[in-house]
Amino acid sequence: MELNNEVKHVTDSVMIDIESMAVGPNAGLIQVGAIPFDSRTGLVKPDFFEVDVDLISALMAGGEVDGGTVRWWQDLKGPKLKRPKDVRGALHELSTWLKKYPDVKRVWAQGPSFDIAGLEGYYKRLGLPIPWKYNAARDTRTVYDLAREQGWEKPEGTEPVHTGMEDCRCQIICLMSALKWLRGEREEKAK
């Protein structure tokens with residue numbers, strides 16, 4: 001009998017990030033990004049998802065705009081949206097894309113009450129099924145906080161740039177770094 005020593009990579013997680021025109025759970029959606037990955041190894045599946053959302057359609061679906069957020073985006077000179085889609089079509093695309101990953105058990109985002117809660121609100125208001133289980137939502141900030149209590153620091157170069165896909169990439173790097181730290185797999189900083 002031959003033993004297979006290869007590590008099996010399973011896409012058990014998806015990182016989601018939204019960009020919006022407000023900061024509450026009903027924020028006017030303008031972009032959704034998602035990246036699938038293995039939460040044990042950090043291996044990212046090179047099948048990135050990003051869709052720009054038509055703000056008017058998001059507002060018609062119950063989204064809100066906050067003047068402070070609009071000013072913040074103006075100061076950033078962005079976002080640079082390419083061919084935005086109707087919010088219903090964008091959510092349908094996300095659902096279809098997620099079906100490619102039946103082993104996903106965790107849907108990660110930066111904060112429990114924004115990205116995932118916002119998307120779930122749109123799915124509900126539009127009468128569409130939420131494409132993940134009710135208990136799949138995970139919060140990166142909680143993991144970061146637990147790791148910081150043990151001396152962890154975010155890796156350099158992982159500040160958000162405010163595009164859905166790129167922010168997902170940075171959040172996966174930070175999450176995996178924090179999880180490794182919590183597991184005791186700590187790398188010494190170069191001096």
Side-chain angles (χ1 to χ4, degrees), residues 13-37 44 47-99 101 104 106-134 136-145 154 157-175:
S13 294
V14 169
M15 183 69 70
I16 289 183
D17 186 77
I18 67 170
E19 302 302 329
S20 65
M21 287 296 178
V23 293
N26 295 324
L29 192 60
I30 58 172
Q31 190 178 71
V32 180
I35 297 178
F37 68 103
V44 169
D47 178 25
F48 308 145
F49 178 87
E50 188 172 71
V51 63
D52 295 332
V53 179
D54 175 64
L55 179 60
I56 300 300
S57 71
L59 296 176
M60 292 177 69
E64 299 172 355
V65 172
D66 171 283
T69 304
V70 172
R71 284 188 295 282
W72 178 81
W73 275 116
Q74 287 172 330
D75 291 344
L76 283 180
K77 308 278 191 267
K80 310 279 188 286
L81 302 179
K82 308 169 284 289
R83 297 185 183 188
K85 298 188 177 183
D86 173 85
V87 68
R88 180 181 292 276
L91 294 177
H92 178 73
E93 280 188 31
L94 177 61
S95 295
T96 300
W97 179 83
L98 282 166
K99 286 179 185 173
Y101 301 101
V104 165
R106 296 169 199 89
V107 178
W108 291 89
Q110 199 88 307
S113 62
F114 186 62
D115 303 79
I116 293 172
L119 287 172
E120 287 179 351
Y122 278 101
Y123 277 107
K124 287 175 185 174
R125 289 191 300 274
L126 292 168
L128 300 171
I130 296 170
W132 49 80
K133 291 183 180 178
Y134 75 95
R138 298 292 186 273
D139 172 30
T140 60
R141 289 183 178 146
T142 300
V143 176
Y144 302 166
D145 189 49
K154 273 189 172 185
T158 58
E159 292 305 313
V161 296
H162 306 295
T163 65
M165 194 168 47
E166 183 60 20
D167 287 356
C168 283
R169 187 190 69 77
C170 292
Q171 289 162 198
I172 291 170
I173 291 168
C174 289
L175 175 65

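A quick note: this is a predicted structure, and the numbers were derived from the prediction, not measured.
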Open item on the list: Does Arg88 form a side chain to side chain contact (heavy atoms under 4.5 Å, CB included) with Leu128? I'd like the steps, not just the answer.
Closed with: CA-CA 8 Å; Arg88 180 181 292 276; Leu128 300 171; 3.5 Å; yes

For a 4.5 angstrom cut-off between non-hydrogen side-chain atoms, does [X] reach [Y]?
| X | Y | value |
| --- | --- | --- |
| Val14 | Ile16 | yes |
| Asp115 | Trp108 | no |
| Gln171 | Asp167 | yes |
| Glu50 | Val32 | no |
| Asp52 | Lys85 | no |
| Glu166 | Phe48 | no |
| Met165 | Ile35 | yes |
| Trp132 | Leu119 | yes |

Could you tell me which non-hydrogen atom of [X] sits nearest to which non-hydrogen atom of [Y], and how far apart they are?
| X | Y | result |
| --- | --- | --- |
| Gly157 | Cys170 | O-SG, 4.2 Å |
| Asp54 | Ser57 | O-OG, 2.7 Å |
| Thr140 | Met15 | CG2-CE, 3.6 Å |
| Val87 | Ala61 | CG1-CB, 4.0 Å |
| Ala22 | Ala27 | O-CB, 3.3 Å |
| Ala90 | Phe49 | O-CZ, 4.2 Å |

- [ ] Using the side-chain contact (heavy atoms from CB on, under 4.5 Å) rule, pick out the option among Leu29, Asn26, Val53 that qualifies with Tyr122.
- [x] Leu29

Would you find a donor on one side and an acceptor on the other, under 3.5 Å apart, between the side chain of [X] and the backbone of [Y]?
| X | Y | result |
| --- | --- | --- |
| Gln31 | Gly164 | yes |
| Arg138 | Ala109 | no |
| Tyr123 | Leu91 | yes |

Task: With sequence neighbours excluded, residues passing salt bridge (charged side-chain N to carboxylate O under 4.0 Å, His left out) with Arg125 - done: none

Task: Verdict with supporting geometry, Ser20 and Phe114, side chain to side chain contact (heavy atoms under 4.5 Å, CB included) - done: CA-CA 10 Å; Ser20 65; Phe114 186 62; 3.2 Å; yes

- [ ] Apply side chain to side chain contact (heavy atoms under 4.5 Å, CB included) to Leu175 and Phe37, showing your working.
- [x] CA-CA 11 Å; Leu175 175 65; Phe37 68 103; 3.8 Å; yes

Looking at [atom1] of [X] and [atom2] of [Y], how far apart are the two atoms once the value is rounded to the nearest 0.5 Å?
| X | Y | atom1 | atom2 | answer |
| --- | --- | --- | --- | --- |
| Glu19 | Thr69 | CD | OG1 | 11.0 Å |
| Asp145 | Arg141 | CG | CZ | 11.0 Å |
| Ile18 | Ile116 | CD1 | CD1 | 10.0 Å |
| Leu126 | Met60 | CG | CE | 10.5 Å |

TODO: Start with the C-alpha gap between Met21 and Leu55, add the side-chain angles, then the distance that decides, and say whether side chain to side chain contact (heavy atoms under 4.5 Å, CB included) holds.
DONE: CA-CA 8 Å; Met21 287 296 178; Leu55 179 60; 3.9 Å; yes

- [ ] Check the angle between the aromatic planes of Trp73 and His162 and answer parallel, tilted or perpendicular using the 30° and 60° thresholds.
- [x] perpendicular

